[in-house]
S.K.: 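Quick one: structure below, then a few questions.
Please read all numbers here as calculations on a predicted model, not as lab measurements. Just follow the structure's listing: the first ligand is 1, and inside any ligand the first atom is 1. Only this structure's heavy atoms are used, side chains among them; waters, hydrogens and symmetry mates stay out.
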Amino acid sequence: MTEFVGRLRLGVNIDHVATVRNARGGAYPDPIRAAKLAEEAGADGITAHLREDRRHITDADIDGLMDALSVPLNFEMAATAEMQKIALRHKPHAVCIVPEKREERTTEGGLEVAREENSLAHFIAPLREAGCRVSIFIAAEQAQIEAAHRIGAQVIELHTGAYCDALAEDRLEDAAEELTRLRAMSRFAHDLGLEVHAGHGLTYQSVQPIAAFPEVMELNIGHFIIGEAVFRGLKPAIHEMRRLMDEARS
Ligand code: PXP
């Protein structure tokens with residue numbers, strides 16, 4: 001059994017505060033205000049994805065987050081020259097490289113690191129040199145983890161979407177199979193020396209088995225928390241997620 005390798009951090013993704021704002025094109029709800037409230041509620045970091053089409057977070061939001069936050073910003077971005085330039089200008093604490101397709105509703109799969117190894121190695125080198133912690137969002141597959149390690153990423157974030165979908169749809173055998181895969185790959189990545197994060201689709205129902213993996217050091221959670229905030233308020237929604245994570249970890 002792997003020892004716990006540190007306190008499990010919670011990164012709160014505030015993209016969907018911007019989704020609601022952009023539905024009317026005005027100034028509210030303000031994602032920066034949400035990020036500050038998340039900080040006050042105990043978030044260890046704030047995650048924001050500046051998509052190529054700017055459908056939620058905007059360039060001005062990233063400027064505002066960099067100015068306002070006391071906790072680290074995890075800047076999610078596609079591996080494009082435009083995003084690299086923006087990241088190098090801001091030098092956020094962390095960058096998470098994600099695949100991006102214009103037509104998708106959300107980040108559907110992990111990055112194909114194994115197929116793009118050379119170009120990704122060149123892409124992340126200046127980000128690392130600038131002092132950003134580079135994370136790669138991937139499926140729980142050995143070949144992707146090995147490739148992420150070879151290109152010099154410090155962190156991998158495992159895509160938990162398939163597990164969460166299976167659980168939400170009551171496909172319990174599939175959920176158990178996905179969980180087994182995530183469990184094995186967390187250990188594998190940790191043993192290679194990578195820091196392991198996880199996220200996508202996590203809810204109060206699905207978070208605890210993932211939070212219990214001793215090698216996982218950070219969860220990034222957005223859509224469910226922002227949705228739950230409509231009913232409970234943002235701080236109580238975050239407090240409940242934190243409580244469930246701590247309970248699973250103890
Ligand atoms: N981690 C990564 C890399 C993501 O792309 C996303 C979605 O933007 C999340 C975590 C958060 O997923 P969710 O909003 O479903 O909690």
S.K.: Before we go on, tell me: are the rings of His90 and Phe75 under 6.0 Å apart, centre to centre?
M.R.: no
S.K.: Please tell me whether Glu195 and Gln154 have a donor and an acceptor in their side chains that are separated by less than 3.5 angstrom.
M.R.: no
S.K.: Can you name the closest pair of heavy atoms from Lys36 and Ser70 and give their distance?
M.R.: NZ-OG, 3.7 Å
S.K.: Quick check on contacts: which atoms of ligand 1 are under 4.0 angstrom from a heavy atom of Val98?
M.R.: 3 (C)
S.K.: What atoms in ligand 1 come closer than 4.0 Å to a heavy atom of Gly201?
M.R.: 12 (O), 13 (P), 15 (O), 16 (O)
S.K.: I want to check a possible cation-pi pair here: Arg183 against Phe213, using under 6.0 Å from ring centre and within 45° of the ring axis as the test.
M.R.: yes
S.K.: Keeping Glu82 on the side-chain end and Glu52 on the backbone end, is there a donor-acceptor pair under 3.5 Å?
M.R.: no
S.K.: For Ile221, counting its heavy atoms only, list the atoms of ligand 1 lying under 4.0 Å from any of them.
M.R.: 16 (O)
S.K.: Can you figure out which of Met77, Glu76, Glu218, Arg51 has its heavy atom closest to atom 4 (C) of ligand 1?
M.R.: Glu76
S.K.: For the CD atom on Glu169, are there more than 12 heavy atoms of other groups (residues, nucleotides or ligands in this structure) within a distance under 6.0 Å?
M.R.: yes
S.K.: Kindly identify the option in His16, Glu100, His49, His200 whose heavy atom sits closest to atom 12 (O) of ligand 1.
M.R.: His200
S.K.: Only heavy atoms count here, so choose which of Gly227, Ala48, Gly222, Ser135 is nearest to atom 16 (O) of ligand 1.
M.R.: Gly222
S.K.: Give the atoms of ligand 1, by number and element, whose distance to some non-hydrogen atom of Asn220 is under 4.0 Å.
M.R.: 10 (C), 11 (C)
S.K.: For ligand 1, note which part of His159 has a heavy atom under 4.0 Å away: side chain, backbone, both or neither.
M.R.: neither
